[in-house]
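Notes to accompany the following structure.
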Amino acid sequence: MGESARAKKETSAGGVVFRSFAEGPKFLLINDSYKNWGFPKGHLNTGESADEAALREAGEETGLTELIPLGPLGVIDWFFRFRGQLIHKYCHFFLFESPSGPAVPQLEEGITACRWYAYPDAVKNISYDNARKILEKAGEEVSKRYSEAGSPD
């Protein structure tokens, strides 16, 4: 029996949030309770879809109240142990645009900071390799939007 057969499956969802600034798009990273830079994410509530959970978690963990959903970015998965139980975690990520409002970390969840980064700095600062792959996909999506917005129809 392989590791994945013994593991308990858990599903969560998260958001990659970007905003247009005068100097171009920036991505929002949060500093979590483990002092790692990543994206807001969390468990799905009962009856909640992954995209609904991603929107809720992104809003709760960053304090942003206006988030525009722009579609799925992909799923990452990893194994970890919690109280002796092997967990196989899947996290569905979605892209959101934040037109305005201050980003405020949800301190009671252990989030200590929210910071906007230009794409190259976000890639450098993000702590997890699998999250970096999601950021790369988000970067492609956002640059496509910018090139389409700048071209005449």
Side-chain angles (χ1 to χ4, degrees), residues 1-20 25-99 101-145:
M1 200 157 77
E3 231 186 343
S4 57
R6 288 193 309 272
K8 180 179 168 224
K9 185 182 167 198
E10 281 188 9
T11 305
S12 62
V16 179
V17 179
F18 81 96
R19 180 177 289 174
S20 299
K26 290 190 178 182
F27 294 86
L28 187 64
L29 297 184
I30 63 164
N31 198 243
D32 67 21
S33 56
Y34 304 102
K35 304 287 173 251
N36 290 312
W37 288 97
F39 303 120
K41 63 184 185 314
H43 290 97
L44 276 62
N45 289 337
T46 308
E48 196 174 39
S49 65
D51 58 332
E52 290 167 339
L55 178 62
R56 177 182 51 75
E57 287 288 345
E60 287 173 1
E61 294 191 355
T62 67
L64 294 168
T65 54
E66 192 185 350
L67 292 169
I68 302 161
L70 298 173
L73 290 169
V75 182
I76 61 175
D77 71 300
W78 66 97
F79 288 92
F80 67 97
R81 284 200 179 276
F82 183 70
R83 297 189 180 138
Q85 166 75 57
L86 185 66
I87 310 284
H88 190 180
K89 182 101 170 210
Y90 294 85
C91 191
H92 299 253
F93 280 98
F94 297 84
L95 183 63
F96 297 98
E97 184 170 8
S98 167
V104 180
Q106 188 183 22
L107 300 174
E108 59 272 21
E109 283 291 318
I111 296 155
T112 56
C114 296
R115 199 165 294 151
W116 296 102
Y117 287 102
Y119 179 76
D121 297 324
V123 168
K124 250 188 303 214
N125 282 287
I126 202 160
S127 299
Y128 304 104
D129 289 340
N130 55 5
R132 190 171 293 113
K133 301 238 181 321
I134 293 292
L135 176 60
E136 287 165 3
K137 176 91 168 83
E140 288 167 21
E141 291 295 319
V142 170
S143 68
K144 256 193 275 185
R145 290 177 174 281

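Numbers here are sequence positions counted from 1.
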Between the side chains of Tyr90 and His92, is a donor N or O closer than 3.5 angstrom to an acceptor N or O?
->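 No donor-acceptor contact under 3.5 Å links the two side chains.
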Could you state the interatomic distance from [atom1] ([X]) to [atom2] ([Y]), rounded to the nearest 0.5 Å?
| X | Y | atom1 | atom2 | result |
| --- | --- | --- | --- | --- |
| Leu95 | Ile68 | CG | CD1 | 10.5 Å |
| Glu140 | Arg145 | CD | CZ | 13.5 Å |
| Leu64 | Phe96 | CG | CZ | 11.0 Å |
| Lys26 | Arg19 | NZ | CZ | 11.0 Å |
| Lys124 | Arg132 | NZ | CZ | 11.5 Å |
| Trp37 | Leu135 | CH2 | CG | 13.5 Å |

May I ask you to decide if the ring planes of Phe79 and His88 are parallel, tilted or perpendicular, using 30° and 60° as cut-offs?
->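 The rings of Phe79 and His88 lie parallel, inter-plane angle below 30°.
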Looking at residues at least two apart in the chain, or sitting in another chain, which of them share a side chain to side chain donor-acceptor pair (under 3.5 Å) with Glu136?
->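 Glu136: no side chain to side chain donor-acceptor pair (under 3.5 Å) contacts found.
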Donor-acceptor pair, Asn36 side chain versus Asp32 backbone, under 3.5 Å?
->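 Such a contact is absent between Asn36 side chain and Asp32 backbone.
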Please tabulate, one pair per line, all N/O donor-acceptor pairs under 3.5 Å involving side-chain atoms of residues 47-60, not counting sequence neighbours.
unit_1 : atom_1 : unit_2 : atom_2 : d
Glu48  : OE1    : Asn45  : N      : 2.7
Glu48  : OE1    : Arg56  : NE     : 3.4
Glu48  : OE1    : Arg56  : NH2    : 2.9
Glu48  : OE2    : Arg56  : NE     : 2.8
Ser49  : OG     : Asp51  : OD1    : 2.4
Ser49  : OG     : Glu52  : N      : 3.3
Ser49  : OG     : Glu52  : OE1    : 3.2
Glu52  : OE1    : Ser49  : N      : 2.8
Arg56  : NH1    : Glu60  : OE1    : 3.3
Arg56  : NH2    : His43  : O      : 3.0

Shortest non-hydrogen separation from Gly139 to Tyr119 and the atoms involved =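 For Gly139 versus Tyr119, the nearest heavy atoms are CA-CE1, 3.8 Å.
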So which heavy atom on Ala122 is nearest to which on Phe27, and how close?
->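 That would be CB-CB, 4.3 Å.
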